[in-house]
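I have placed the structure first, in the form of structure tokens, so that the comments after it can refer back to it.
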Amino acid sequence: MQEQLRPLIAGNWKMNGTGAALEQLAHLKTLLEEAGEIASDVLICPPATLIHRAAQRAEGSPIRIGGQDCHAKVSGAHTGDVSATMLFDAGASHVILGHSERRADHGETSAMVSEKVQAALAAGLVPIVCVGETEAEREQGRANQVVAEQLAQSLPDDFGNTQIIVAYEPVWAIGTGRTPNIGDIAEMHAHMRALLVERFGAAGEAALLLYGGSVKPDNAGEILRTANVNGALVGGASLLANDFFSIIVVA
Ligand code: 13P
């Protein structure tokens with residue numbers, strides 16, 4: 001069934017970009033207009049400060065705008081945090097949750113990610129839940145087990161009532177220029193598909209399984225043609241419209 005899924009190409013700008021970066025968004029909009037019909041959905045997740053302006057600039061184009069994290073609560077005494085409701089209000093449609101940089105830099109556990117997923121769903125956002133093993137875990141032969149545990153604990157039971165999007169991002173492939181070989185990506189994505197189908201049934205069959213970690217214009221085609229890969233979560237190569245567009249058109 002997953003062959004028929006419409007891919008999602010998502011850009012994660014991380015902590016990059018001030019107002020000037022919106023020119024890249026405008027350029028991407030032009031490139032997409034010139035290309036006409038495209039075969040995938042397109043999402044850009046800029047820093048929170050740009051979401052509102054990005055959503056305005058993206059209007060009238062297929063580009064959707066997302067957040068990179070949200071708090072589990074709707075509002076309250078949480079200085080510096082942003083709630084899912086606020087992201088939605090600013091114009092976001094999606095939110096990345098449980099990115100390995102959040103797990104590492106902010107001590108986010110899978111249980112916390114699960115609470116954030118519920119907050120995102122309640123606010124009307126589509127969560128993109130990230131999982132992935134470290135290099136040491138892969139070398140110890142524990143990659144499948146680590147990802148299974150992250151999936152089991154990061155996804156709430158009611159996730160099956162919605163469009164499930166999971167991004168497999170091996171920590172050692174992020175920002176390093178290194179990617180797993182295609183066989184390893186295929187194996188992990190098949191593993192995730194089986195786990196999601198076992199737990200969520202048809203919603204697992206329809207889940208979008210993104211690959212992330214050093215996706216570039218020159219390797220995107222091979223990665224995106226891999227079985228059970230339904231899109232990409234792109235960091236560095238999403239910052240420049242020309243690079244990101246090259247990835248979108250091969251999907
Ligand atoms: P890079 O594409 O820069 O490796 O980043 C991947 C990533 O972390 C996307 O969320």
Side-chain angles (χ1 to χ4, degrees), residues 7-17 21 24-25 28 40-48 50-51 54 63-70 87 92-106 108 110 113 116-117 120 125-135 137-138 143 146-147 150-151 154 164-182 184-185 188-189 192 208-224 226 229-248 250-251:
L8 172 65
I9 307 299
N12 175 8
W13 283 9
K14 308 192 178 184
M15 197 174 72
N16 295 293
Q24 292 300 318
L25 188 72
L28 180 64
S40 53
D41 288 331
V42 179
L43 176 71
I44 296 269
C45 301
L50 290 180
I51 287 176
I63 306 168
R64 314 290 296 277
I65 302 299
Q68 299 175 10
D69 173 52
C70 70
L87 294 177
S93 56
H94 293 64
V95 61
I96 298 168
L97 294 173
H99 191 282
S100 64
E101 287 151 16
R102 300 287 316 171
R103 292 179 189 261
D105 297 354
H106 299 271
E108 282 190 15
S110 291
V113 174
K116 290 177 179 213
V117 169
L125 295 174
V126 179
I128 299 173
V129 178
C130 301
V131 296
E133 82 286 355
T134 62
E135 185 155 34
E137 288 164 341
R138 176 158 285 273
V146 166
V147 167
Q150 288 176 336
L151 280 181
S154 304
I164 297 175
I165 309 181
V166 169
Y168 168 57
E169 299 204 306
V171 177
W172 52 273
I174 294 175
T176 59
R178 297 164 57 204
T179 55
N181 63 49
I182 292 297
D184 286 343
I185 295 176
M188 183 58 83
H189 278 243
M192 296 196 301
L208 296 182
L209 307 184
L210 315 185
Y211 169 79
S214 296
V215 176
K216 307 286 178 207
D218 62 355
N219 63 15
E222 194 184 15
I223 292 171
L224 289 165
T226 304
V229 174
N230 313 113
L233 182 53
V234 184
S238 71
L239 295 173
L240 292 176
N242 287 336
D243 286 350
F244 194 50
F245 179 71
S246 306
I247 294 170
I248 292 167
V250 298

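Hydrogens, waters and symmetry mates are skipped; everything else that's a heavy atom, side chains included, is used. Note that the structure is a prediction, hence the values are computed from the model and not measured. Counting starts at 1 for both ligands and their atoms, following the listed order.
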- Between the main-chain N or O of G98 and the side-chain N or O of R103, is there a donor-acceptor pair closer than 3.5 Å? yes

Hits for side chain to side chain donor-acceptor pair (under 3.5 Å) against E169, two or more places apart or cross-chain, chain-then-number order -> H99

Can a donor-acceptor pair be found, under 3.5 Å and without considering hydrogens, that links the side chain of T134 to the backbone of V171? no

The closest protein heavy-atom partner of atom 2 (O) of ligand 1 is G235 N, 2.9 Å

Closer than 4.0 angstrom: is that true for some heavy atom of G212 and an atom of ligand 1?
-> no

Logged contact type for I174 with ligand 1, heavy-atom cut-off 4.0 Å, is both

Heavy-atom nearest pair, P180 first then P170, reads CG-CG, 3.7 Å

If we number the atoms of ligand 1 from 1 as shown, the ones under 4.0 Å from a heavy atom of E169 are 6 (C), 7 (C), 8 (O), 9 (C), 10 (O)

### Message
Is there a polar contact between ligand 1 and N12, counting only N or O atoms under 3.5 Å apart?
### Response
yes

Here the atoms of ligand 1 under 4.0 Å from any heavy atom belonging to G213 are 4 (O), 6 (C)

W13 side chain to S238 main-chain N or O, any donor-acceptor pair under 3.5 Å?
-> yes

Under 4.0 Å from one or more heavy atoms of L233, ligand 1 contributes atoms 9 (C), 10 (O)

Next item on the list: Indicate yes or no: at least one non-hydrogen side-chain atom of D41 is less than 4.5 angstrom from one of L208.
Entry: no

### Query
Below 3.5 angstrom, do we get any N/O pair linking S214 and ligand 1?
yes

protein heavy-atom neighbour closest to atom 5 (O) of ligand 1 works out as K14 NZ, 3.3 Å

Worksheet item: If only atom types and distance count, is the side chain of S154 paired as donor or acceptor with the main-chain N or O of L151 below 3.5 Å?
Response: no

Quiz item: Can you find an N or O of G236 that's nearer than 3.5 Å to an N or O of ligand 1?
Solution: yes

| request: Quick one: sort the Y168 and H189 rings into parallel, tilted or perpendicular, breaks at 30° and 60°. | output: perpendicular

- Item | Contact check, A237 vs ligand 1, heavy-atom distance below 4.0 Å | no

